[in-house]
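Here is the structure we will look at.
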There are 2 protein chains.
Amino acid sequence: MSSCDTCVVRNRAICAVLDSKEVEALNGIGRRRNLEAGEALIWEGEESVLVANVIEGMLKLSTGTEDGREQIVGVAYPSDFIGRPFGARTSHSVTALTDARVCLFARKDFDRFAGEHPALEQKLLRRTLAELDRTRDWMLLLARKSAEEKVATFLLEMSSRLVEPGCEAPGDKPLDRFDLPFSRQQIGDILGLTIETVSRQMTRLKRDGVIGLPNRRAVEILDRQALEASAG
Amino acid sequence: MSSCDTCVVRNRAICAVLDSKEVEALNGIGRRRNLEAGEALIWEGEESVLVANVIEGMLKLSTGTEDGREQIVGVAYPSDFIGRPFGARTSHSVTALTDARVCLFARKDFDRFAGEHPALEQKLLRRTLAELDRTRDWMLLLARKSAEEKVATFLLEMSSRLVEPGCEAPGDKPLDRFDLPFSRQQIGDILGLTIETVSRQMTRLKRDGVIGLPNRRAVEILDRQALEASAG
DNA sequence: GCTCAACCTTGACGTGGGTCAAATATTCGT
DNA sequence: ACGAATATTTGACCCACGTCAAGGTTGAGC
């Protein structure tokens with residue numbers, strides 16, 4: 001019996017399309033690894049060596065300019081696939097935001113396995129297409145929305161993303177209270193804003209009674225309608 | 001003999017992985033279509049009905065907010081694949097920028113065909129992964145670069161993208177003179193800037209002797225080093 | 001409980017790029 | 001070639017957001 005049998009993301013990660021024999025084989029070329037918050041797994045610009053499934057925790061994908069400006073270009077949640085299969089360099093760093101647990105593969109092993117399992121490639125294709133759609137939607141926010149709209153949109157996104165994954169039920173309701181897995185600085189890096197602007201917008205929403213901020217990381221949505229209006 | 005035998009993108013589009021029998025079969029479910037500049041093929045938010053290969057010309061992928069702000073989230077060149085296979089809604093409009101010619105499929109037919117041809121899905125996966133990388137890189141530009149950096153980066157990108165596709169040789173040199181396939185407004189929509197700002201930055205680069213602007217659409221790169229420096 | 005180091009908030013101020021308006025340039029139809 | 005429509009440039013102005021600079025909070029380690 002492989003450790004996959006008890007894996008919490010067994011039915012949500014790309015492994016879901018594999019039968020138990022195939023999962024066993026995949027397990028044979030992978031290994032678990034724990035990451036501490038802040039630990040990097042993949043570095044921008046390096047040759048693509050590793051790919052992984054996220055089991056637990058959250059990671060950021062990021063790029064930066066030479067002069068130190070950083071942009072978070074994606075966030076990986078449990079069951080998401082990370083890394084760059086099929087050859088190229090990895091163009092984005094991957095860093096744990098929280099303590100995390102991943103199921104790690106040597107890229108070459110994974111590529112070979114995928115080549116032999118079209119169903120896995122199909123699953124990966126569907127995910128990648130969905131991720132591309134989401135990324136493109138985010139471009140509109142980065143390029144065109146005001147700071148207020150960005151922060152409001154971000155909070156709404158968080159409230160639906162952070163729903164506990166109770167099995168694979170997709171009809172989960174958004175949360176009205178949650179803990180942000182990001183620091184203010186990281187929120188700025190996601191939204192293309194400075195930390196000060198993020199802080200000011202959050203304070204404003206709080207002052208207007210739209211949200212509550214019980215503590216540094218917690219957010220409470222008090223008036224969802226107003227928040228949606230602010231999101232534009 | 002199918003029309004694919006003489007297709008200029010036969011060896012560069014996703015069809016390249018298919019043998020002549022398979023191409024024949026794919027050809028059976030597709031059809032050619034000419035688009036005029038400005039003509040839309042796919043509308044944001046609609047059910048995904050069509051997918052296509054670009055044979056000739058260029059198309060934009062775009063989203064907008066309700067209040068009329070638009071953002072171009074991608075540009076499709078000859079041999080690129082457009083549309084949203086596998087189920088979902090299409091989240092971006094697709095509109096011809098120039099007169100264009102595409103090889104069109106009903107999404108359902110294409111999905112079925114792809115399901116039966118893993119090599120095609122693999123090719124599509126590789127393309128989608130590459131497109132996702134490029135899109136994420138663009139996010140850094142949208143979120144963090146100044147107007148000057150944006151315009152300079154854009155011009156450099158154009159100078160390498162607009163190289164005539166002489167077969168599949170990838171080692172083509174960037175052009176030092178080319179015609180933009182975009183209006184100033186569209187450049188603004190790509191860079192997340194207003195038309196005025198684009199115009200001012202172009203004028204500035206011209207005044208500084210970095211580029212020449214022989215006419216509305218033409219661009220001449222006079223000092224590539226300086227342009228690269230401006231791109232940050 | 002105290003200290004130190006992050007982290008976050010708040011304020012004052014400056015500026016890049018948006019907005020509005022008008023002048024030019026180019027294209028197109030006749 | 002002429003006039004109308006469209007695209008681009010240019011200028012004046014202003015405001016949202018970045019920058020710089022203090023404070024406040026929070027929490028981990030002692």
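Just so we're on the same page: letters track the sequence lines, and every chain starts at 1. Bear in mind that the values here come from a model prediction, so they are computed numbers and not experimental data.
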To the nearest Å, how far apart are B:R204 CZ and D:dG11 C1'? 17 Å
With a 4.0 Å cut-off, would you call A:R32 and A:E56 a salt bridge? no
Under a 4.5 Å cut-off applied to non-hydrogen side-chain atoms, are B:K60 and B:E70 in contact? yes
5′-ward residue of the pair A:V198/B:E148 relative to DNA chain C: A:V198
Classify the side chain of A:E196 versus the base of D:dC20 as yes if they form a donor-acceptor pair under 3.5 Å and no if they do not. yes
When the nearest nucleotide of DNA chain D is assigned to A:A147 and to A:N215 on a heavy-atom basis, which residue is associated with the more 5' position? A:A147
So what does B:S199 hit on the nucleic acid, given a heavy-atom distance under 4.0 Å: a base, only sugar-phosphate, or nothing? base
Below 4.0 Å: OP1/OP2 of D:dC17 and any side-chain N or O of A:T194: no
Distance in angstrom units between A:I195 CD1 and D:dA21 P, rounded: 17 Å
Looking only at N and O atoms, is any donor in the side chain of A:R200 or the base of C:dG11 less than 3.5 Å from an acceptor on the other one? yes
Counting distance alone, no hydrogens or angles: does the base of D:dC17 have a donor or acceptor under 3.5 Å from a partner atom on the side chain of A:Q201? no
Regarding D:dT25, can its base be found pairing with the side chain of A:R216 as donor and acceptor, where the two atoms are less than 3.5 Å apart? yes
Expressed in angstrom and rounded to an integer, what is the separation of B:Q186 atom CD from D:dT6 atom C1'? 14 Å
Quickly work out the B:K206 NZ to C:dA25 P distance and round it to whole Å. 11 Å
Return yes when atom CD of A:E228 has more than 12 non-hydrogen atoms of other residues, nucleotides or ligands closer than 6.0 Å, and no otherwise. yes
Okay, side chain of B:T128, backbone of A:T128: is any donor-acceptor separation there less than 3.5 Å? no
Starting at atom CG of A:D67, determine the distance to atom C1' of D:dT19, rounded to an integer number of angstrom. 15 Å
Just how far, in rounded Å, is P of D:dA16 from CZ of B:R69? 13 Å
Does B:T197 place a side-chain N or O at less than 4.0 Å from the phosphate oxygens OP1/OP2 of C:dG16? no
Just the rounded figure in Å: distance from P of D:dT26 to CG of A:L213. 12 Å
Contact class for A:G188 (heavy atom, under 4.0 Å): base, sugar-phosphate, or nothing? nothing
Reckon B:S183 has a side-chain N or O less than 4.0 Å from the OP1 or OP2 of D:dA7? no
Hey, is A:E157 close enough to A:R134 for a salt bridge, meaning N to O under 4.0 Å? no
Expressed as a whole number of angstroms, how long is the span from A:L97:CG to C:dC7:P? 13 Å
